[in-house]
Protein chains: 2
Amino acid sequence: MPPISPDIKQEVDQVFEAVVYLYTESRRLTKELARRAQLTGPQLTVVKILETIGDLSLSELSDKIRAQNSTVTGIIDRMEREGLVQRLRSTEDRRVVHIRLTEKGAKLASEIPVEPMEIFRSALESLSAQEIRDLMKILSKVAKRVKQIVRRDVGEDAVAQAK
Amino acid sequence: MPPISPDIKQEVDQVFEAVVYLYTESRRLTKELARRAQLTGPQLTVVKILETIGDLSLSELSDKIRAQNSTVTGIIDRMEREGLVQRLRSTEDRRVVHIRLTEKGAKLASEIPVEPMEIFRSALESLSAQEIRDLMKILSKVAKRVKQIVRRDVGEDAVAQAK
DNA sequence: CCGAGATGTTTCGCGTGCGAAACATCTACC
DNA sequence: GGTAGATGTTTCGCACGCGAAACATCTCGG
């Protein structure tokens, strides 16, 4: 690896800050929109996903919102308590629980204008097509590099315990 | 705003995924490195910051790790309980608490190879200087656009209550 | 000097968020 | 058909993470 000039170092820091900014800002947005509907961030996300896709099993929901089942169980507990969703035990596979919006939940969902992540997406859409392509190319290069480093520097005993 | 073609839409989604991936991966890394030192993610971050910068007041620490004071109070409580840091009441301003690594904490810090965020940074450094500049240009454009949208779509009552 | 507001920290209550273990049910293989 | 392992969900214990309120101390104007 070539030595890094201080100039580059500084630009790297800026990029890093930008990524963190974009991520945290999109979370802040979710929270703000949620607050107006008397919801929490994750609850708003769940409501909008169920509105868009329809009933989902708890695991499917966990995948969608990138959280563990145990986390989602808690979120759904509280939403059920508030009467926003209901749990329906599947008849085909009685292990499975389907989560469905109640009328109250559906009404609430319809009153929330946009998925908050859409704000972030629409910001990206203000870029030119060329810029988006460039951005994607660069980001995926970074992502690939991160994966490499992770495998090399952090992965050693992960391998051992994956056995 | 021009209409968005489905092609662009898809690329936007990819960019979005990439940003989320990079962010969550860097968090996962922190956690993995922390686990090896019997620490939590935030605790590792604190230990490394104190090692690098030296004593900090609780508020300064909160700024550094982008968390609320109340959150950091809890983190420091647990670290103090584990004997990793100590609280020192400032003599100049008795409201202020300085956080200092104990010997045990300093030893631990020295055994942890890198700040985890460094992995992310070093991935960025694998890009060419030109790519970094491009990336930065594009990302800051996105960030600017997000700010605009936020002010327009979400900021209305934020203004009102800022009064 | 002294009291009002500013500032630094903690406390409290709540909602994630995780991993491990428990539990229910299903599937496959014998 | 019975059971061992797989799969879906919940429970548990813990550590954030936040905002509001409480608390301690400081500062500044009168």
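So you know, we letter chains A, B, ... as the sequences are listed, proteins then strands, and number each from 1. Note that the coordinates shown come from a computational prediction; the quantities given were computed from them, not determined experimentally.
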For [X], check side-chain hydrogen bond (donor to acceptor under 3.5 Å, both in side chains) against everything at least two apart and list the hits.
X	value
A/Arg94	none
A/Gln86	none
A/Gln130	A/Asp134
A/Arg100	A/Asp55

| field | Note, B/Thr40 side chain near B/Ile75 side chain (heavy atom, < 4.5 Å) | value |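 They are not in side-chain contact.
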| task | Please list, by residue number, the residues of residues 63-75 of chain B whose heavy atoms come closer than 4.0 Å to an atom of DNA chain D; answer none if no residue qualifies. | result |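 Those residues are B/Ala67, B/Gln68, B/Ser70, B/Thr71, B/Ile75.
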| request: Under 4.0 Å from any atom of DNA chain D, heavy atoms only: list the residues of residues 82-99 of chain A that qualify, in numerical order. | output: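 Listed by number, they are A/Arg87, A/Arg95, A/Val96, A/Val97.
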| query | Atom CD of B/Gln38 to atom P of D/dA15: distance rounded to whole Å? | reply |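 The answer, rounded to whole Å, is 12 Å.
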Using a 3.5 Å cut-off and no angle test, enumerate the donor-acceptor pairs between side-chain atoms of residues 63-72 of chain B and protein atoms at least two apart in sequence or in another chain.
from    : atom 1 : to      : atom 2 : distance (Å)
B/Arg66 : NH2    : A/Glu17 : OE1    : 2.5
B/Asn69 : OD1    : B/Ser62 : OG     : 2.7

Atom pairs and distances, side-chain donor-acceptor, residues 102-110 of chain B, under 3.5 Å, sequence neighbours left out:
from     : atom 1 : to       : atom 2 : distance (Å)
B/Thr102 : OG1    : B/Gly83  : O      : 2.6
B/Thr102 : OG1    : B/Leu84  : O      : 3.0
B/Thr102 : OG1    : B/Lys104 : N      : 3.4
B/Thr102 : OG1    : B/Gly105 : N      : 3.1
B/Lys104 : NZ     : B/Glu82  : O      : 2.9
B/Lys107 : NZ     : B/Glu111 : OE2    : 2.8
B/Ser110 : OG     : B/Lys107 : O      : 2.6

| said: Any side-chain N or O of B/Thr40 below 4.0 angstrom from OP1/OP2 of D/dC16? | reply: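 For B/Thr40, the contact criterion (side-chain N or O under 4.0 Å from OP1 or OP2 of D/dC16) is met.
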| query | Does A/Glu80 have any salt bridge (charged side-chain N to carboxylate O under 4.0 Å, His left out) partners at least two apart in sequence or in another chain, and if so, which? | reply |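 Scan of A/Glu80 (salt bridge (charged side-chain N to carboxylate O under 4.0 Å, His left out), adjacent residues dropped) gives A/Arg87.
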